[in-house]
Amino acid sequence: MVKEERNQMRHMNMHYLILILLVFPLSAQDDDSWRVNQVTFIGNEALRRNELLELMQMRPSRLFSRVTYSFSALIDDIAVLEAYYRNRGYLDVNISIAEIERDTANQNVNITLRIEEGLQTIIESIVFTGNHVFSDAELMDIIELAVGEPLDSAAFASAAEVITDSLAGRGYLFANVYRSLRLDTLSTTAIVMYEIEEGSVVSAGTFEFQGLEKVHSEVIRRELRFEEGDQLTRELIRESIRRIYTTGLFTFVRIEPLDTIILEEPDSAIVPVVIQVQEGDMFQIQGGGGYESDDGWYLTLQASYRNLFSLGHRITGSVRVASDVIGGRLAYNYPWFLSLPVFADLTTYLDRRDEESFEGVFSGGLAAISGRLGQYNSYRTWTRFEHVNWIVEPPPGEYLPDVPTRNTFSLGLGLTRDTRANIFYPGTSIFSYLEGEIAGLGFSWSSNFYRFRFDVRGYYAFGQNRFSLSSALFTGYVNGFGDDRNVVPAQELFRSGENAVRPVRGYDQEETTPLDDDGNVLGGTFALILNVVEFRFPIWAWFSGAVFVDAGEVWPNLDQVNIDNLRWSAGPGIRLILPFLLARLDYGIKLDGDWDLDGRFHLSIGLPF
């Protein structure tokens, strides 16, 4: 199919998808529902109206936020407001419904709540008894109560848990903390008391595994952060549970030291440890498909078995059929390679790629070793071999001289830091990735080039994670050396929208990537993509909106890099967020100075970065 026909089909398909996304949220609304119009408070003197409204579900509707009235939700709101008052020392607060007025003409509801705040209780003193591990001053530092401050009922209750957790962090897993209050006759002052029973330091005795059927107990033992005879702490148990979950073999994990003393000394006790798990499905088949603006239509199929030899080894086969590639992969994952806390991966692949400037069959393999460097950091080192069988060789040009067909043998190293909660809701977090790769290494049959990539993304969430600001930068450089100086294989060049190079929303690939003499996308040696800012906000139900500013360009070589040539765009977007999917539609407007709002739609899966 010629390039013009392919683009016409993509634009036509895009129009249908846009219509579906616009019509669905409108048709899903219930026109017969009652809308919250106004909420009034009577008797609130200590707390402001806006402060109380922020806590409620039944808040007045706004331009992009329609709030449907629900009596049960209003009752929940009253409970939340009363708890909020009690956490500020108003222990006798009482909130009731004064009036619910319905406007049948406009289907609006006006709510009036009566608040009887009562007197505020102030902490007169805080008393600890039975504490030997922590001093009174140390305990005061870890609880959220202070003498002379209002009595926070939630902090009063949670302080006992905080003290218990702190003792568990020192190995006193069976410690108990009892709390009590002594109020004056008017409940205006309070003496806060905590009675502490520390118990003994706990060490791990024998392990008892429950729920194992297909998985060998060694899989769990190697993920534990403690061995038999080691002192136990709450943090060691939590980290062990987290590591067992990350194997992907279990849907439930619990580690519980039993309060049944095997051996007790004056200051320590050895107890059995029960490790209870529920195994998940070991065989999985996943299929999918869709349309993305930069890749066109695609179909994927993947099958995997994750418990070979009962030791958590995984084998995965996958196939992808898309407008520009048909390929398959077979991967084998070996956790705890050579009994070390690292993963070994072996991957073979066969791809037929149909790019605008070349067509060929690419086959090869990759061997990698990866591991973690703490909770958020990881590394990956690999060696890669690729054989190229050209069907249509890339045409020679100014920046891609005619080069004999060669294979590629390379070594690489990547470092990652990822503090995101998950890929759909990153929260306030950062993601960064630095990668270096060198090919050739003296082998005459291999291409000679080196490549660097750097990707950093920052996320800031606020408003109970309903709003977010994010920004990102990607840059990469590739070049040849030795006999191939300034010459890079066509498949290794950077192209906007491919191989981790994010597109500049609003522009076609041809507008931000170097072309060959025939006007086909060729690629460049240096890429710079700036996602300057993206602001995401809720709209309704599963839908959220976004506004963004992008910039970027791919240059043929370093000599032609000019920041003034960056392509800039801005525009709005809509997100469909489901538990298993995040689809987005953006319209990027080219900021080229002519103010004609010329741009391009971008439909894709997942966050833009």
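One-based numbering along the sequence shown. In what follows, every heavy atom counts, from backbone to side chain, and hydrogens, waters and symmetry copies are set aside.
R451 places a side-chain N or O within 3.5 Å of a backbone atom of E492 that can act as its donor or acceptor partner. With T525 contributing its side chain and P556 its backbone, the two residues share a donor-acceptor pair below 3.5 Å. Of the possible polar contacts, one joining the E279 side chain to the V215 backbone as a donor-acceptor pair under 3.5 Å is found.
In summary, R600 and D508 engage in a salt bridge, as defined by a charged side-chain N under 4.0 Å from a carboxylate O.
Minimum heavy-atom separation, L224 to F207: CD1-CE1, 3.6 Å. Residues G606 and R584 approach most closely at O-NE, 2.7 Å, considering heavy atoms.
A side-chain donor-acceptor contact under 3.5 Å links E223 and W336. The closest side-chain donor-acceptor pair between N377 and R372, if any, does not fall under 3.5 angstrom. Between N407 and H387, the side chains place a donor N or O and an acceptor N or O closer than 3.5 Å (distance only, hydrogens not considered). E437 and S410 are linked by a side-chain donor-acceptor pair at a separation below 3.5 angstrom, with hydrogens and angles left out of the test. Using modelled atom types, one finds a donor on one side chain and an acceptor on the other under 3.5 Å when comparing E208 with Q210. A donor and an acceptor atom, one from each side chain of R495 and Q509, are nowhere located under 3.5 Å apart.
Proximity of V342 to Y379: side-chain heavy atoms (C-beta onward) are separated by under 4.5 Å at one or more points.
Both tests hold for R420 against F431: distance to the six-membered ring centre under 6.0 Å, angle to the ring axis within 45°. In this structure, R384 is not positioned above the aromatic face of F409 in the sense of NZ or CZ being under 6.0 Å from the six-membered ring centre and within 45° of the axis.
For T475, the side chain to side chain contact (heavy atoms under 4.5 Å, CB included) partners two or more places apart in sequence, or in a different chain, are F454, L473, F526, L528. Shown here are the side chain to side chain contact (heavy atoms under 4.5 Å, CB included) partners of I315, two or more places apart in sequence or in another chain: Y305, L308, L330, Y332.
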Using the side-chain contact (heavy atoms from CB on, under 4.5 Å) rule, take L232 and F226 through it: C-alpha gap first, then chi angles, then the decisive distance, then the call. CA-CA 7 Å; L232 292 175; F226 55 88; 3.5 Å; yes
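Ring pair F467/F462 is parallel by interplanar angle, where below 30° counts as parallel and above 60° as perpendicular. The aromatic rings of H313 and F309 sit perpendicular to each other, their planes meeting at more than 60°, with 30° as the lower class boundary.
A distance of 9.0 Å separates CG in L340 from CD1 in I369, rounded to the nearest 0.5 Å.
Listed by first and then second residue, the side chain to side chain donor-acceptor pair (under 3.5 Å) pairs involving residues 456-469 are D455-R457 (not counting sequence neighbours).
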